[in-house]
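Here, residue 1 is the first one in the sequence, and each next residue gets the next number. Order of listing sets the numbers, starting from 1, for every ligand and every atom in it.
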Amino acid sequence: MKVLLVNGSSRNNGCTNEALKEVARALSEEGIETEMVFIGNEALPDCIACRKCRETGRCVFNDAVNEFVEKAKSADGFVFGSPVYYAHPSGRLLTFMDRAFYSGGKHFAFKPAAAVLSARRAGTTASFDVINKYFTICSMPVVSSTYWNHVYGTQPGEVAEDKEGLMTMYNIGKNMAWMLKCIELGKANGLEHPENEKVLTNFTR
Ligand SMILES: Cc1cc2nc3c(=O)[nH]c(=O)nc-3n(C[C@H](O)[C@H](O)[C@H](O)COP(=O)(O)O)c2cc1C
């Protein structure tokens with residue numbers, strides 16, 4: 001089993017990475033493979049709503065998003081991490097997730113996910129809320145922890161001192177491993193996920 005940990009910061013080795021490493025440590029202890037996915041710090045085009053992905057399953061911008069969706073097909077779980085910018089997740093991560101979920105949403109369904117945030121001071125719960133919404137409209141079980149999924153600091157060294165934040169990260173990893181093993185055990189015993197119904201209306205019609 002494999003979990004992809006997405007770093008939505010422009011800083012590969014910053015505070016978000018420090019948080020994700022702790023989730024990965026707990027997953028590894030449980031025998032779950034992990035891969036860090038740094039979404040980069042080059043310009044990333046936003047979704048242009050061309051809907052071409054509806055026909056091809058791929059975004060017209062052939063970049064890190066398409067690469068990630070390819071990896072997502074065989075992944076079993078996801079952790080999306082972001083710094084807090086003006087009380088929201090990084091614009092970079094939101095662009096990345098908009099395009100990944102719009103073009104490849106079906107590859108995320110029924111796979112557990114968690115959101116983690118890094119901040120200097122405030123805006124964490126609002127940002128947490130934004131990321132979780134991608135999961136809950138895509139049939140993804142949300143992995144919880146023992147407190148807020150946040151770490152605090154401006155430098156990785158400061159995050160390393162946030163013992164409670166790191167404990168929360170570690171517990172996300174343990175809880176996700178447990179959920180993944182439950183799902184695997186269910187499948188081994190013939191329990192498949194439901195086939196969701198799909199009705200699309202434009203508001204009321
Ligand atoms: C443009 C920008 C906006 C920020 N806005 C906030 C904010 O609203 N609240 C906060 O607590 N920290 C804010 N920060 C600080 C970062 O969230 C914090 O330093 C974070 O831990 C950085 O994570 P990283 O090292 O992974 O990029 C901001 C940083 C930047 C660059």
Side-chain angles (χ1 to χ4, degrees), residues 2-29 32-47 61 63-65 67-69 71-72 75 77-101 108 112-135 140 142-176:
K2 185 169 179 176
V3 172
L4 300 178
L5 300 109
V6 179
N7 181 355
S9 170
S10 303
R11 305 199 305 163
N12 195 4
N13 295 308
C15 302
T16 307
N17 178 58
E18 206 62 21
L20 292 174
K21 278 192 325 194
E22 193 62 6
V23 182
R25 185 168 77 86
L27 286 163
S28 301
E29 280 181 7
I32 312 280
E33 194 187 337
T34 60
E35 181 180 336
M36 291 284 187
V37 178
F38 176 49
I39 67 175
N41 44 27
E42 300 293 322
L44 195 67
D46 209 348
C47 176
F61 300 117
D63 57 15
V65 172
E67 255 175 63
F68 174 67
V69 171
K71 286 182 181 173
F78 304 91
V79 182
F80 290 89
S82 180
V84 171
Y85 286 174
Y86 294 95
H88 56 70
S90 72
R92 169 178 303 284
L93 183 71
L94 296 183
T95 287
F96 189 87
M97 292 184 78
D98 282 356
R99 289 176 45 210
F101 278 74
F108 298 92
V116 311
L117 281 309
S118 174
R120 190 184 71 80
R121 203 159 185 86
T124 43
T125 56
S127 306
F128 183 59
D129 185 44
V130 173
I131 299 179
N132 278 317
K133 285 170 186 156
Y134 288 85
F135 310 151
M140 299 171 81
V142 178
V143 178
S144 56
S145 189
T146 42
Y147 206 50
W148 300 104
N149 291 11
H150 313 147
V151 295
Y152 288 95
T154 51
Q155 300 302 329
E158 291 169 352
V159 172
E161 289 174 28
D162 178 6
K163 300 292 175 216
E164 186 171 349
L166 290 180
M167 172 209 69
T168 312
M169 297 299 126
Y170 184 80
N171 289 338
I172 293 170
K174 290 285 174 178
N175 289 354
M176 180 173 275

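Short contacts between ligand 1 and R121, defined as distances under 4.0 Å to a heavy atom of the residue, involve ligand atoms 10 (C), 11 (O). The contact set between ligand 1 and S118, taken as ligand atoms under 4.0 Å from a residue heavy atom, comprises 17 (O), 20 (C), 21 (O), 23 (O). If you number the atoms of ligand 1 from 1 as listed, the ones under 4.0 Å from a heavy atom of G153 come out as 18 (C), 19 (O), 20 (C), 21 (O). In summary, the atoms of ligand 1 found under 4.0 Å from a heavy atom of A122, numbered by their order in the structure, are 7 (C), 8 (O), 9 (N), 10 (C), 11 (O). Within the listing of ligand 1, atoms 21 (O), 23 (O), 24 (P), 25 (O), 26 (O) sit less than 4.0 angstrom from a heavy atom of C15. Residue contact check: T154 has heavy atoms under 4.0 Å from atoms 19 (O) of ligand 1. Ligand-side atoms of ligand 1 in range of G14: 25 (O), 26 (O), range being under 4.0 angstrom from any heavy atom. Per-residue contacts place A87 under 4.0 angstrom from the following atoms of ligand 1 (heavy atoms of the residue considered): 8 (O).
Taking distance alone, with nitrogen or oxygen atoms compared against 3.5 Å, S10 stays at or beyond that limit from ligand 1. Polar contact check, N7 against ligand 1: no nitrogen or oxygen pair lies under 3.5 Å apart. The shortest N/O to N/O separation between V84 and ligand 1 falls below 3.5 Å. Looking at N17 next to ligand 1, no N or O pair under 3.5 Å apart turns up. Considering backbone and side-chain N/O of Y86, one or more are found under 3.5 Å from N/O of ligand 1.
Atom CZ in R120 sits 9.5 Å away from atom CD in E158 (nearest 0.5 Å).
A 4.5 Å side-chain heavy-atom check between F68 and M97 finds every atom pair outside the cut-off.
Closest approach of S82 and S90 over heavy atoms only: OG-N, 2.8 Å. Scanning both residues, R11 and S9, for their nearest heavy atoms gives N-OG, 2.8 Å.
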